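The structure appears right after this line, and notes come after that.
Residue numbers begin at 1 in each chain, while the letters A, B, ... track the order of the sequences. In this text the structure is predicted, and so the values were computed from the model without any measurement.
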There are 2 protein chains.
Amino acid sequence: MEQSDAAIRTRGAERKAPPTIYDIARLTGVSPSTVSRALNKPGRLNAQTERRIRDAAAELGYRINPMARALPTGKTGTLGLLVSDITNPAYFDLVRGAERVASETGMTIVFADSQESPELERATAERLQTSVDGLLLVGSRLEDHQIQDLSSVKPLVVVNRLVEGIPAVIPDVRPGITTALELLREAGHRRIAYLAGPEASWMNGQRWQNAFEIAVEWDMSIVEIKSNAPTREGGAEAFGRVKAADVSAVLAYNDLVALGLLRECRDHGLDVPGRLSIIGFDDIFGADLPTPALSTIRMPLAALGERGIRRLLTEIDGGESEDESALPTEFVGRESIAAAKS
Amino acid sequence: MEQSDAAIRTRGAERKAPPTIYDIARLTGVSPSTVSRALNKPGRLNAQTERRIRDAAAELGYRINPMARALPTGKTGTLGLLVSDITNPAYFDLVRGAERVASETGMTIVFADSQESPELERATAERLQTSVDGLLLVGSRLEDHQIQDLSSVKPLVVVNRLVEGIPAVIPDVRPGITTALELLREAGHRRIAYLAGPEASWMNGQRWQNAFEIAVEWDMSIVEIKSNAPTREGGAEAFGRVKAADVSAVLAYNDLVALGLLRECRDHGLDVPGRLSIIGFDDIFGADLPTPALSTIRMPLAALGERGIRRLLTEIDGGESEDESALPTEFVGRESIAAAKS
DNA sequence: AAGTTGCTGGCAATCGGTTGACAATTTCTA
DNA sequence: TAGAAATTGTCAACCGATTGCCAGCAACTT
């Protein structure tokens with residue numbers, strides 16, 4: 001009974017309109033523009049007047065209406081963050097980093113994902129652009145010119161991607177891969193495979209490219225194996241091809257793929273790391289959970305998110321920040337690698 | 001060289017203002033209000049005129065300015081989604097579900113987390129409220145009256161929580177817990193523990209309450225063990241207390257805690273499930289990864305997200321939807337439980 | 001033929017802030 | 001003490017849509 005009464009009360013409650021600067025103006029006997037100045041241009045007004053207005057605002061519980069402000073200024077106080085797949089744990093830390101910087105600077109982040117679909121990505125990006133001050137594209141699957149087009153509308157920064165003329169924040173995968181391959185070589189591995197990610201992913205290209213160069217330089221044989229999706233399912237599904245490739249170690253596009261493959265190996269009785277060593281990328285949540293725990297190349301995700309937002313903010317301010325150096329990656333050794341069977 | 005040229009070109013580009021209805025009006029020789037009608041009130045205008053205007057809009061690449069529309073209508077087309085901890089994989093599916101419904105209905109979701117801090121949650125909620133049409137509070141750590149206060153400002157729906165007078169979407173944990181305890185009892189367990197979550201979590205109360213009732217009914221002894229945080233660290237940290245409690249099975253507040261405890265057991269040589277059975281809640285990403293794989297009580301996360309948003313939308317429309325039934329949970333048996341040592 | 005009705009489209013006010021220009025008042029300078 | 005300079009607050013236009021009201025016109029009634 002009480003419950004339903006309360007329900008009616010709350011639902012029926014005609015929510016009173018929030019106070020505006022006009023209310024404050026009336027209460028303090030000044031004009032609305034004066035209120036606006038008191039709140040936004042400290043020092044522009046007489047100190048007493050400003051005090052009086054601020055007090056009144058506080059008393060009324062005034063909150064600025066972002067929409068109303070956005071109209072004349074064109075600034076919404078919102079940033080868009082678009083990732084390729086929200087269910088990839090790799091984005092946790094990145095989002096956290098981005099969020100921290102944003103809230104420090106009083107910005108709000110709108111978070112969306114494109115579910116690995118370029119078409120959906122473009123549509124979402126365009127939709128977001130109408131209501132944000134700038135866009136952060138993480139691991140975009142769009143083509144260069146599409147990104148450039150978007151960038152001509154509103155400030156835009158890419159993460160994990162390089163596009164001509166577009167400000168970017170990227171990691172340097174070289175150190176991590178170098179350490180990983182070094183270890184493999186020392187452990188006697190001579191034939192390795194790279195289990196690929198999406199072709200549209202720039203990051204995938206980087207990882208393959210670097211692994212390739214280093215392997216060649218060190219006289220290890222390396223092959224690229226396709227996978228259908230950068231997910232655990234995709235990794236599991238590639239098991240047959242990996243097995244057929246007759247390699248002793250696999251570098252997988254990311255930890256999801258690596259975990260999928262790892263599990264499939266176990267289910268098929270293929271000993272990891274006894275007969276096959278597996279290395280992933282990202283060091284996502286859960287990489288340390290399986291037995292054997294997954295070795296991986298850790299990306300500086302939080303830093304990528306932070307820098308990405310910071311870069312976007314200076315871009316919005318029209319600032320001329322030079323490109324910063326790529327953020328280093330790091331190999332994380334766990335149990336999924338061992339010496340190659342001779 | 002090319003790169004820096006391009007950089008200058010794009011950065012220096014004075015981005016042209018996007019087209020407005022005034023541009024369309026000028027181009028087609030009608031008044032702006034007519035353009036507005038053509039675009040929003042199909043049928044209100046002469047079919048030919050409408051066609052002409054729509055074509056012109058398409059040609060100019062017109063996109064409505066949500067801010068400008070929000071001012072007179074008061075509708076922003078945005079919904080706020082506030083979770084307690086963005087790094088909890090349990091929210092994946094929930095967010096995905098919410099996002100799907102939102103984008104189906106043309107709404108944008110603003111996603112934020114409160115990092116388990118009630119103070120931050122309140123502040124974030126208030127900030128969001130100024131720019132959204134409604135708020136979805138998932139696993140809120142606020143007190144009832146705080147939620148009621150928020151609800152008096154803008155439409156609000158809670159998920160995983162019940163507050164008097166506030167529309168809610170919740171799961172029914174009973175079936176899952178029942179099955180789990182049934183299994184434990186059949187396996188000979190007589191002394192079990194519940195490893196608690198945050199006191200401010202309503203869901204924690206539910207899980208404990210139900211487990212308690214069922215255990216008592218079935219003559220199993222049950223104790224509640226505190227944990228400091230609903231994370232893997234929190235679970236690991238509780239190991240000592242669990243061990244000291246001399247129980248043969250643990251029901252943990254969520255999978256994160258369960259995974260933390262599981263790992264700590266392994267590291268301390270305590271055999272799971274040989275000497276201790278462990279069950280979590282949520283069935284998050286990674287629950288199946290460890291050895292032994294974690295048994296858990298799965299929550300209908302995607303459905304919670306979907307229903308939450310749908311409920312919020314009818315709330316915004318002022319619709320009088322009655323409360324739907326709670327969504328059932330389901331026990332997922334994996335390797336982390338076994339017969340109790342006699 | 002006068003009156004009704006229905007369809008089209010324009011006018012103008014409005015949402016809640018921001019900001020350049022300016023007037024009124026005070027303070028400073030010589 | 002007159003005149004210049006600095007300070008303080010108001011006016012009014014503007015951002016880009018939405019919408020109630022109304023007028024013009026054609027078709028339809030009776």
Quiz item: For residues 43-53 of chain A, which residues have at least one heavy atom under 4.0 Å from DNA chain D?
Solution: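 By residue number: Arg44(A), Leu45(A), Asn46(A), Thr49(A).
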Quiz prompt | Sorted by number, the residues of residues 61-77 of chain B with heavy-atom contact under 4.0 Å to DNA chain D | solution =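 Listed by number, they are Tyr62(B), Ile64(B), Asn65(B), Ala68(B), Arg69(B), Leu71(B), Pro72(B), Thr73(B).
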Quiz item: Distance only, no hydrogens: is a donor on one side chain within 3.5 Å (strictly under) of an acceptor on the other, for Arg127(B) and Thr108(A)?
Solution: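 A pair is found: one side chain offers a donor N or O, the other an acceptor, under 3.5 Å apart.
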Quiz item: If we ignore angles and hydrogens, is there a donor and acceptor under 3.5 Å between the side chains of Ser117(A) and Ser114(A)?
Solution: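 Note: Ser117(A) and Ser114(A) side chains miss the donor-acceptor criterion.
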Quiz item: So which one's nearest nucleotide on DNA chain C is more toward 5', Pro18(A) or Val35(B)?
Solution: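 By nearest-heavy-atom nucleotide position, the 5'-most residue is Val35(B).
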Self-check item: Comparing Arg37(B) and Thr20(A) on DNA chain C - which has the more 5′ nearest nucleotide
Solution: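 Taking each residue's closest nucleotide, the earlier one in sequence belongs to Arg37(B).
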List the atom pairs, with distances to 0.1 Å, where a side-chain N or O of residues 56-65 of chain B and a protein N or O form a donor-acceptor pair under 3.5 Å, not counting sequence neighbours.
residue  : atom : partner   : partner atom : Å
Arg63(B) : NH2  : Glu126(A) : OE1          : 2.8
Asn65(B) : OD1  : Met67(B)  : N            : 2.9
Asn65(B) : OD1  : Ala68(B)  : N            : 3.1

Practice problem: May I ask you to evaluate whether Ser31(A) reaches the phosphate of dG9(D), defined as a side-chain N or O under 4.0 Å from OP1 or OP2? | Solution: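 For Ser31(A), the contact criterion (side-chain N or O under 4.0 Å from OP1 or OP2 of dG9(D)) is not met.
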Quiz item: Would you say dT18(D) has OP1 or OP2 under 4.0 Å from some side-chain N or O of Ser36(B)?
Solution: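 Yes, within the criterion.
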Quiz item: Where does the chain B footprint on DNA chain C start and end, counting 5' to 3' with a 4.0 Å heavy-atom cut-off?
Solution: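 Nucleotide range with atoms under 4.0 Å of chain B: dT8(C) to dG16(C).
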Which residues pass the side-chain hydrogen bond (donor to acceptor under 3.5 Å, both in side chains) test with [X], sequence neighbours left out?
X: Ser84(A); value: Tyr91(A)
X: Asn46(B); value: none
X: Asn88(B); value: none

Self-check item: Sidechain N-carboxylate O distance under 4.0 Å for Asp23(A), Arg26(A)
Solution: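 Here Asp23(A) pairs with Arg26(A) in a salt bridge, since their nearest N and O are under 4.0 Å apart.
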Self-check item: Test applied, side chain to side chain contact (heavy atoms under 4.5 Å, CB included); reference residue, Leu79(A); option that passes from Val132(A), Leu313(A), Val157(A), Leu128(A)
Solution: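 That would be Leu313(A); it is the only one of Val132(A), Leu313(A), Val157(A), Leu128(A) passing the side chain to side chain contact (heavy atoms under 4.5 Å, CB included) with Leu79(A).
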Quiz item: Rounding to a whole Å, what distance do you find between Ile24(A):CD1 and dT10(D):P?
Solution: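 Whole-Å distance recorded here is 14 Å.
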Self-check item: Between P of dC14(D) and CD1 of Ile21(B), the distance in whole Å
Solution: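 It is 16 Å, rounded to the nearest whole Å.
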Exercise. Please list all pairs passing the ring pair (Phe, Tyr, Trp, His ring centres under 6.0 Å) test where one or both residues lie in residues 16-39 of chain A, with sequence neighbours left out.
Key: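 Every pair satisfying ring pair (Phe, Tyr, Trp, His ring centres under 6.0 Å) with a residue in residues 16-39 of chain A: there are none.
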Self-check item: ring pair (Phe, Tyr, Trp, His ring centres under 6.0 Å) pairs, two or more places apart, involving residues 108-153 of chain B
Solution: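 Qualifying pairs: Phe111(A)-Phe111(B).
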Practice problem: Could you pull out all residues at least two apart from Arg96(B) that satisfy salt bridge (charged side-chain N to carboxylate O under 4.0 Å, His left out)? | Solution: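 Only Asp85(A), Asp113(A) meet the salt bridge (charged side-chain N to carboxylate O under 4.0 Å, His left out) criterion with Arg96(B).
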Practice problem: Would you please name every residue forming a salt bridge (charged side-chain N to carboxylate O under 4.0 Å, His left out) with Asp149(A), sequence neighbours left out? | Solution: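 Salt bridge (charged side-chain N to carboxylate O under 4.0 Å, His left out) list for Asp149(A), sorted by chain: empty.
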Quiz item: Do side-chain atoms of Arg161(B) reach the backbone of Leu142(B) as a donor and acceptor pair under 3.5 angstrom?
Solution: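 It does hold such a pair.
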Self-check item: Bend angle of the helix from dA1(C)-dT30(D) to dA30(C)-dT1(D), end axes from five pairs each (to 10°)
Solution: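 Overall, the helix from dA1(C)-dT30(D) to dA30(C)-dT1(D) bends by 40° from one end axis to the other.
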